[in-house]
Amino acid sequence: MRRAVCPGSYDPVTNGHLDIIARASKLYDVVHVVVMINQSKKGLFTVEERLELLRQVTAEYGNVEVESFHGLLVDFCKERDIPAIVKGLRAVSDFDYELQMAQMNNGLSGVETLFVPTNPTYSFLSSSLVKEVAAWGGDVSHLVPPLVLEALNKRHRED
């Protein structure tokens, strides 16, 4: 069985993330979408909220498993016998950082990284930009799934 992982913070999940996840789901039998926990970062959404949003917006793929993990991504891969990491690349600037991470991960564990060029429609898109625009009342409806838009709007009404 061919297995891969799509790691990220997913705070929040965007249409760009979903594009990469959907494409990975066509290449692999099982795709683990993992919310990597970084205790030093305060997210807009809790890890549990991100997991629930991801489960709902990836349910249509059928071969996606959503989990969270605190630690090194290669340890997640070792524990689950996952040989590949799938990462989306938006621009050349992403490549420099991601290449270093891929080489480190491979050196630590032998896990390979597959780089998938992002759909040009989402080449500028990041969770950080979505959060910033949404916080100022900007329209991000074309950047996130409807469920995520609803969660963003609700969160900003609470503030």
Side-chain angles (χ1 to χ4, degrees), residues 1-133 140 142-145 148 152:
M1 185 176 296
R2 294 169 305 148
R3 300 157 47 99
V5 62
C6 289
S9 62
Y10 300 105
D11 187 36
V13 59
T14 68
N15 289 340
H17 291 130
L18 289 178
D19 175 57
I20 298 300
I21 293 166
R23 291 160 67 191
S25 76
K26 292 176 185 171
L27 298 172
Y28 292 93
D29 299 315
V30 178
V31 175
H32 296 262
V33 175
V34 62
V35 174
M36 298 301 293
I37 301 169
N38 183 342
Q39 304 291 47
S40 64
K41 283 188 179 180
K42 169 135 175 46
L44 179 64
F45 295 101
T46 67
V47 171
E48 293 74 24
E49 289 170 326
R50 288 182 248 169
L51 290 169
E52 184 55 32
L53 288 170
L54 277 163
R55 284 185 185 108
Q56 291 184 47
V57 300
T58 61
E60 68 183 85
Y61 303 125
N63 64 339
V64 170
E65 296 181 12
V66 177
E67 321 176 47
S68 64
F69 190 74
H70 181 263
L72 293 175
L73 179 58
V74 292
D75 290 337
F76 177 89
C77 292
K78 278 188 218 173
E79 288 173 13
R80 290 157 182 81
D81 195 29
I82 299 171
I85 300 166
V86 176
K87 300 287 292 204
L89 294 177
R90 294 172 294 196
V92 172
S93 56
D94 284 348
F95 181 74
D96 186 46
Y97 173 76
E98 294 295 348
L99 178 61
Q100 292 174 41
M101 291 297 298
Q103 291 169 331
M104 177 63 78
N105 289 337
N106 185 267
L108 288 171
S109 67
V111 172
E112 296 291 348
T113 300
L114 173 68
F115 294 123
V116 179
T118 301
N119 180 321
T121 304
Y122 307 121
S123 63
F124 66 93
L125 185 53
S126 72
S127 293
S128 298
L129 283 175
V130 166
K131 288 187 286 194
E132 187 173 347
V133 171
V140 295
H142 59 295
L143 305 176
V144 296
V148 174
L152 276 167

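Just so we're clear, the structure is a prediction, and the values are computed from it rather than from any experiment.
- A donor-acceptor pair is defined here as one N or O able to donate and one able to accept, closer than 3.5 Å; such a pair exists between the side chain of N15 and the backbone of H142.
- With R3 contributing its side chain and V30 its backbone, the two residues share no donor-acceptor pair below 3.5 Å.
- Looking only at side-chain heavy atoms (C-beta outward), R90 and S126 come within less than 4.5 Å of each other.
- Looking only at side-chain heavy atoms (C-beta outward), Y10 and H17 come within less than 4.5 Å of each other.
- Side chains of V86 and F115 form no contact here, defined as non-hydrogen atoms less than 4.5 Å apart.
- Taking each heavy atom of T14 and P145 in turn, the nearest pair found is C-CD, 4.3 Å.
- The existence of a salt bridge linking D11 and K131 is confirmed by a sub-4.0 Å separation between a basic side-chain nitrogen and an acidic carboxylate oxygen.
- Annotation: side chain of V111 is not in contact with side chain of P83 (no heavy-atom distance under 4.5 Å).
- Here the straight-line distance linking atom CG of L114 with atom CD1 of I85 works out to 10.5 Å at 0.5 Å rounding.
- What you find for H32 and I82 is that their closest heavy atoms are CD2-CD1, 3.3 Å.
- Proximity of R23 to P117: side-chain heavy atoms (C-beta onward) are separated by under 4.5 Å at one or more points.
- The closest donor-acceptor contact from the side chain of D29 to the backbone of N63 lies at 3.5 Å or more, if one exists at all.
- Residues G71 and M36 approach most closely at O-CE, 3.3 Å, considering heavy atoms.
- One finds the CG atom of L72 at 9.5 Å from the CE atom of M104 (value rounded to the nearest 0.5 Å).
- Considering every non-hydrogen atom in both E67 and F76, the closest pair reads OE2-CZ, 3.6 Å.
- Using a 4.5 Å heavy-atom cutoff, the side chains of F69 and I37 are not in contact.
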* To do: Start with the C-alpha distance between L152 and F45, add both sets of side-chain angles, then the distance that settles side-chain contact (heavy atoms from CB on, under 4.5 Å), and finish with yes or no.
  => CA-CA 9 Å; L152 276 167; F45 295 101; 3.9 Å; yes
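- With contacts defined as side-chain heavy-atom distances shorter than 4.5 Å, the pair E98/L89 qualifies.
- Separation of atoms CG (L44) and OG (S9) is listed at 11.0 Å; rounding is to 0.5 Å.
- V148 and V144 get closest at one heavy-atom pair: CG1-CB, 3.8 Å.
- Looking at heavy atoms from C-beta onward, Y61 lies out of side-chain contact with V31 at the 4.5 angstrom threshold.
- When the shell of 6.0 Å around CD of E132 is examined, it contains 12 or fewer heavy atoms from other residues, nucleotides or ligands.
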* **Verdict with reasoning, V92 to D96, per side-chain contact (heavy atoms from CB on, under 4.5 Å)** => CA-CA 7 Å; V92 172; D96 186 46; over 6 Å; no
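- Atom OG1 of T118 sits about 4.5 Å away from atom CD1 of I20, to the nearest 0.5 Å.
- Interatomic distance, CG of L129 versus CG of L143, reported as 9.0 Å (0.5 Å rounding).
- N106 and E112 get closest at one heavy-atom pair: ND2-OE2, 3.4 Å.
- Under a 3.5 Å cut-off, the side chain of R50 and the backbone N or O of V13 do not form any donor-acceptor pair.
- The CE atom of M1 sits 11.5 Å away from the CG atom of D81 when rounded to the nearest 0.5 Å.
- Remark: side-chain polar atoms of S127 are paired, donor with acceptor, to backbone N or O of P12 under 3.5 angstrom.
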